[in-house]
Amino acid sequence: MKKIKLVIGVIGADVHAVGNRILDYAFTQAGFSVVNLGVMVSQKEFIDAAIESDADAIVVSSLYGHGEIDCRGLREKCDEAGLNGIKLYVGGNITVGKSDFSIVKETFTKMGYDRVYEPGTSPNLSILDFKLDFGLITDDEYQEGLKDEDING
Amino acid sequence: MKILTADFGSTFTKLTAIDTNTATILGTSKSFTTISSDVTIGFNKALDILNNSIGSIKYDKILASSSAAGGLKMVSVGLVPDLTAKASRLAANSAGAKVIKTFSYELSKLETDEIQSINPDIILLTGGIDGGNQKVILHNANAISKLKGNFLVVYAGNKSALEEAESIFKKNNIEFECCANVMPEFNKLNIEPAKKAIRNLFIKNIISAKGLDKVQAFVHAEIVPTPLALFNASLLLSKGTKKQKGLGDLMVFDVGGATTDVYSMCDGTPNTSNTFLQGLREPFAKRSVEGDIGMRYSLSPLVTTASPDDIADVCGYTSTDILNWVDKCTKNPETVPTNEMEKIIDFTISKFAIEISADRHCGTSTKSFTPMGEVNIQFGKDLTAVTALIGTGGPVINSPYPKETLKSSCYSLKNLNSLRPTNPDLYLDEKYIFSSMGLLSVSHPDVALKIMINEFIKY
């Protein structure tokens with residue numbers, strides 16, 4: 001079966017490299033094909049890499065609080081570049097401070113992101129989500145997976 | 001051993017006689033290239049001149065390079081401009097080609113028409129990392145197959161689309177060669193296989209198409225494109241051999257009538273702390289060709305790029321004087337400056353030629369302010385620490401002030417962000433032997449290196 005291809009990276013002027021490496025490792029171990037752009041990645045680089053690699057999803061990380069500014073407009077640029085319907089995931093400390101996450105989630109969903117993860121999310125949850133979103137598991141298997149204690153760190 | 005090298009240029013056929021036992025140049029000569037009638041006529045004329053000056057010698061070996069009949073004319077095609085399209089251009093340049101244009105994404109009708117009118121010798125087709133996008137490269141394979149003309153195709157794209165592309169080419173009777181992807185993984189360059197494939201096609205098909213088979217019949221090795229000979233000579237001069245040290249990190253400027261070629265032999269990784277390298281990692285050995293920067297055939301676009309007013313400011317004459325000179329040279333590319341004004345103008349424009357082509361070749365570094373403090377973002381190669389800079393080509397060699405001409409490639413406050421060499425040693429290929437040494441380097445690297453170090457004038 002064709003491997004699902006993910007383009008991952010830390011967006012903007014953010015240089016937090018550790019989480020990026022962990023995601024690269026976790027996603028690869030889970031059977032995904034990962035194109036890792038590393039840190040300080042611009043929207044253009046995400047899009048160029050997704051086109052060239054024919055990626056199924058772009059997974060954006062942001063740790064330094066400026067995520068909202070950096071992430072805005074990525075969906076529109078993807079549409080413009082012909083990446084219609086590509087899945088967009090975002091996570092990390094995507095806004096400053098401890099704001100109500102439901103508001104943050106709504107903001108990013110409106111910006112066109114398919115899934116938005118709050119601080120402290122285990123990579124296992126996103127892996128489970130990828131599997132559901134790309135039809136690798138059924139809804140029932142997904143619900144079963146959510147009970148796994150690894151999901152909650 | 002006595003070796004004769006011949007370079008069939010677009011204007012001149014240049015001969016160099018070498019004694020490998022003493023590692024010396026016995027003599028050089030030149031005569032007009034006669035590619036449109038019989039290329040051996042010009043060769044024999046130059047040989048007569050050489051024989052007259054150093055006597056008739058029995059040569060053990062004759063080697064040849066050529067950039068005659070337009071050189072190796074190519075277009076390259078990729079997917080994303082900053083990724084495979086850029087990689088395809090780097091690959092074609094390193095093979096010694098003159099890349100007229102690089103295309104990206106799906107070729108449109110307008111673009112295929114443009115390729116048709118360029119009428120390239122070879123089209124390098126790339127796109128998609130291995131396992132990546134297939135749609136675009138297959139669309140482009142189809143589009144290219146519909147072109148008419150005697151061109152060849154090198155396929156160096158996504159391996160997953162290779163089989164289907166092959167069947168498209170076969171169905172349309174397109175002559176092609178396949179090789180490994182120029183970018184097998186994201187941002188990883190792999191240009192050697194494409195370089196080799198281009199070289200094979202050049203030997204197999206293009207030498208005879210350019211009317212050089214008469215030369216091939218009496219030389220003792222395959223004819224190489226002149227820029228490839230220069231590329232090999234630059235690499236040897238930088239890295240040295242097992243017995244002899246080279247000059248280390250270096251850059252070469254070859255200014256010509258139609259193009260300006262720049263070579264850099266240097267890793268180009270950041271020399272300053274807190275610098276992040278972004279975009280495509282360029283290769284250690286890089287060649288770039290500026291088709292709009294030349295001292296005769298491309299003088300008009302060069303002066304437009306440099307701005308006649310700026311040239312006038314530097315040389316002290318008016319912009320009308322500059323434009324008159326451009327007119328004169330455009331009408332007759334064999335014009336040589338005759339009076340003081342023309343000499344100064346020609347000299348000043350050559351400085352701009354080197355400066356502009358250096359700017360385009362070298363990487364850039366810009367400051368960026370982040371929550372973690374100030375950082376530098378570097379694109380391309382950092383060549384600030386390059387220790388040697390070599391100038392070749394008529395306009396540099398015959399310049400009234402070669403040192404000043406070459407120096408204009410160095411780091412300047414005019415363009416702070418350009419990572420050009422800051423304080424290199426300057427060398428001049430006064431006898432015009434660089435490409436000849438590239439030919440010699442294949443069989444006699446130590447001799448070629450010794451001759452270059454002895455013959456190049458250091459300022």
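- When the shell of 6.0 Å around CD of B/Glu164 is examined, it contains 12 or fewer heavy atoms from other residues, nucleotides or ligands.
- A donor-acceptor pair is defined here as one N or O able to donate and one able to accept, closer than 3.5 Å; no such pair exists between the side chain of B/Lys135 and the backbone of A/Asp54.
- By the 4.5 Å heavy-atom criterion applied to side chains, A/Leu37 and B/Phe186 are counted as neighbours.
- Proximity to chain A (any heavy atom under 4.5 Å) is shown, for B/Ser368, by neither the backbone nor the side chain.
- More than 12 heavy atoms of other residues, nucleotides or ligands lie within 6.0 Å of CZ in B/Phe284, so this atom counts as buried by the packing criterion.
- Annotation: salt bridge (Lys or Arg N to Asp or Glu O under 4.0 Å) contacts involving residues 21-49 of chain A, sequence neighbours excluded, comprise A/Lys44-A/Asp48, A/Lys44-B/Asp82.
- The main-chain N or O of B/Gly127 is never found under 3.5 Å from a side-chain atom of A/Glu52 such that the two would form a donor-acceptor pair.
- Residue pairs meeting the ring-ring contact (aromatic ring centres under 6.0 Å, His included) criterion with at least one member in residues 54-80 of chain A, sequence neighbours excluded, are A/Tyr64-A/His66.
- Considering CG of B/Leu79 and OG of A/Ser53, their distance stands at 9.5 Å, rounded to 0.5 Å.
- Enclosure of atom CD in B/Glu163 is not indicated, since only 12 or fewer non-hydrogen atoms of other residues, nucleotides or ligands lie within 6.0 angstrom.
- Taking a 6.0 Å sphere around NZ of B/Lys73, one finds it holds more than 12 heavy atoms contributed by other residues, nucleotides or ligands.
- Residue with the most contacts toward chain B among A/Ile51, A/Val35, A/Asp14: A/Ile51 (heavy-atom pairs, distance under 4.5 Å).
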- request: Let me see the working for A/Met40 and B/Val375 under side-chain contact (heavy atoms from CB on, under 4.5 Å), right down to the final yes or no.
  value: CA-CA 11 Å; A/Met40 294 187 79; B/Val375 296; 3.9 Å; yes

